[in-house]
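Worksheet: the structure to be examined is printed underneath.
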There are 2 protein chains.
Amino acid sequence: MKQNPLAATLRQSGYKATHARLAILAYFKKHPRPLSARQIVEGIGTEVDQATVYRTIRSLKGKNIIRQVDLRHNHAHYEFASLGEHHHLVCTRCGKVEDVHRCNMETMRREVLAESKHFADISQHSLEFYGTCKACAQKESSRSREETRIR
Amino acid sequence: MKQNPLAATLRQSGYKATHARLAILAYFKKHPRPLSARQIVEGIGTEVDQATVYRTIRSLKGKNIIRQVDLRHNHAHYEFASLGEHHHLVCTRCGKVEDVHRCNMETMRREVLAESKHFADISQHSLEFYGTCKACAQKESSRSREETRIR
DNA sequence: AATTATTTGCAAATAATTCGCATTAAGAAT
DNA sequence: ATTCTTAATGCGAATTATTTGCAAATAATT
């Protein structure tokens, strides 16, 4: 009964290994990028209700099994935490997301805590970069070239 | 007519210096911390409609007059961009926000762009730290002491 | 003062997230 | 294996967050 590693993860955190939670975690595992609640609900299909998806996300977030990511899309995204620390580069035109590794934030985190007046600990951080992907930059420049030609 | 510097800022960016926009910018200036759309609507009172607040935020964001901040509160926050680059330390219990200065991200930003396969430029970034403020840590520890005593 | 293109307010729509409650099912106990 | 207990789920409705359409208002221009 304990052969499923996702179930083991859940039980170790004090949760029942329910069908819904296993389906959600499996979905995260299969899609290793920032996912919105809607994407998960639709991706999993009818087997899990959206209220359950939101509730599950919330509790798993509390145990650091998944983590929240902000892409500035007016809704939250979430990622499987076991992907390890990494950050994101987000295209503000088309929404493309590229992972960013090797930003070591450990030192900075320590320094920030040491300099803080009011905080006792720092458990997480988010670091995302926003810009323009090459494809969008290309479109943009060809569009403005056209405008120039017309005038 | 050009004596108001906020009006000048708006006109320089190609906007009309309307009552609504001036009120919104003045509110940002007077409250230099991350503000939600709701806080702005309620803070300004009846003089500006919420649709206008959202529309104004969106367009000013596009011109980097205000910038978006994510505190993981399920709604966006915004800050006057002229506050200069800084980041935030957010308490995950009570929501307290402390500003964080002197994280110089310029080098990191350049490196990230240099290592990126698909991006042409990076125009912004967000960096927030999440943890527990001293007040909440205090409450937490006294609460768990009580629990221990009771058992 | 008249003109024109923006911008706004209002009301209604849509998107995102949460809640209440009766029912179900996971894991523990028997 | 069956029963028990409580956490967890589904469903529907409620809230919260954000956007939109359109007629009326207004800033900047002439």
Side-chain angles (χ1 to χ4, degrees), chain A residues 1-4 6-27 34-63 65-66 68-78 95, chain B residues 1-4 6-27 34-63 65-66 68-78 95:
Chain A
M1 191 195 261
K2 301 235 172 179
Q3 74 284 54
N4 183 342
L6 294 180
T9 304
L10 287 168
R11 295 204 185 89
Q12 278 161 26
S13 295
Y15 295 121
K16 292 184 181 176
T18 63
H19 174 63
R21 291 206 262 245
L22 290 169
I24 292 167
L25 280 189
Y27 194 81
L35 300 171
S36 65
R38 166 170 294 274
Q39 284 176 308
I40 297 163
V41 170
E42 291 179 356
I44 290 181
T46 59
E47 23 174 345
V48 182
D49 187 77
Q50 71 168 347
T52 302
V53 169
Y54 277 106
R55 279 187 285 237
T56 301
I57 286 171
R58 187 148 44 147
S59 54
L60 297 183
K61 209 168 46 149
K63 298 277 186 183
I65 294 172
I66 65 171
Q68 186 167 341
V69 178
D70 174 52
L71 306 181
R72 297 190 179 167
H73 286 182
N74 279 349
H75 54 259
H77 285 77
Y78 307 91
Chain B
M1 191 194 262
K2 301 234 172 179
Q3 74 284 53
N4 183 342
L6 295 179
T9 303
L10 287 168
R11 294 204 185 90
Q12 278 162 26
S13 294
Y15 297 120
K16 291 185 182 177
T18 62
H19 174 63
R21 293 205 261 246
L22 290 170
I24 292 168
L25 281 189
Y27 194 81
L35 300 172
S36 65
R38 165 171 293 274
Q39 286 176 306
I40 296 163
V41 171
E42 292 179 353
I44 290 182
T46 59
E47 24 174 344
V48 182
D49 186 77
Q50 70 169 346
T52 303
V53 169
Y54 277 105
R55 279 188 283 236
T56 302
I57 286 171
R58 187 146 44 147
S59 54
L60 296 184
K61 209 168 45 149
K63 299 276 185 181
I65 295 172
I66 64 171
Q68 186 166 341
V69 178
D70 174 52
L71 306 181
R72 296 191 180 167
H73 286 181
N74 281 347
H75 54 260
H77 286 77
Y78 308 90

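Keep in mind the model is a prediction, meaning the values are calculated, not measured. Naming convention: chains lettered A, B, ... in sequence-line order (proteins, then strands); numbering from 1 in each chain.
Rounded to whole Å, atom P of dT7(C) lies 10 Å from atom CG of L10(B). Taking atom CG on D49(A) and atom P on dT23(C), their separation rounds to 17 Å, with Å as the unit. Whole-Å rounding puts the I57(A) CD1 to dT18(C) C1' distance at 13 Å. When rounded to the nearest whole Å, the span between CD1 of I40(B) and P of dA17(D) equals 13 Å. Rounded to an integer number of Å, the gap from CD of E42(B) to P of dT18(D) is 13 Å. Look at CG on D70(B): it is 14 Å from P on dA17(D), rounded to the nearest Å. For the pair Q50(A) CD and dC19(C) C1', the computed distance is 12 Å after rounding to whole Å. Between the CZ atom of R38(A) and the C1' atom of dA17(D) there is a distance of 14 Å, given to the nearest Å.
Ring pair H77(B)/H75(B) is tilted by interplanar angle, where 30° to 60° counts as tilted.
Contact annotation: Y54(B) side-chain N/O to dT18(D) OP1/OP2 distance is under 4.0 Å. Distances shown here put a side-chain N or O of R21(B) below 4.0 Å from the OP1 or OP2 atom of dT7(C). The shortest distance between the side-chain N/O atoms of T18(B) and the OP1/OP2 oxygens of dT8(C) is below 4.0 Å.
Base pairing analysis places dA28(D) opposite dT3(C); the two distances defining the Watson-Crick or G-U wobble pair are each below 3.5 Å. Partner assigned to dA1(D) is dT30(C), using Watson-Crick or G-U wobble distances below 3.5 angstrom.
The 5' end of DNA chain C is approached more closely, in terms of each residue's nearest nucleotide, by T52(B) than by the other of T52(B) and H19(A). Nearest-nucleotide mapping onto DNA chain D: of Y15(B) and H73(B), the residue sitting toward the 5' end is H73(B). Position along DNA chain D of the nearest nucleotide to H75(B) versus R58(B) favours H75(B) as the more 5'-ward residue.
If you check every strand for non-hydrogen atoms under 4.0 Å, R55(A) touches a base. Among the atoms of the strands shown, only primed sugar atoms or phosphate atoms (P, OP1, OP2) are found under 4.0 Å from some heavy atom of N74(B). Among the protein residues, A20(A) comes within range of the sugar-phosphate backbone only, with heavy atoms under 4.0 Å from sugar or phosphate atoms but none that close to a base.
Without hydrogens or angle criteria, S13(B) side chain to L10(B) main chain gives no donor-acceptor distance under 3.5 Å. Of the possible polar contacts, none joining the Y15(A) side chain to the R21(A) backbone as a donor-acceptor pair under 3.5 Å is found.
Residue S36(A) holds its OG atom at 12.5 Å from CG of N74(A), rounded to the nearest 0.5 Å.
With distances taken from any side-chain atom of A37(B) to the nucleotides dG9(C), dT18(D), dT17(C), the minimum falls on dT18(D). Listed nucleotides: dC19(C), dA27(D), dG10(D). Nearest to the side chain of V48(A): dG10(D).
Counting only heavy atoms from C-beta outward, the side chains of L25(A) and I65(A) approach each other to under 4.5 Å. Residues Y27(A) and L35(A) meet the side-chain proximity criterion, which asks for heavy atoms closer than 4.5 Å.
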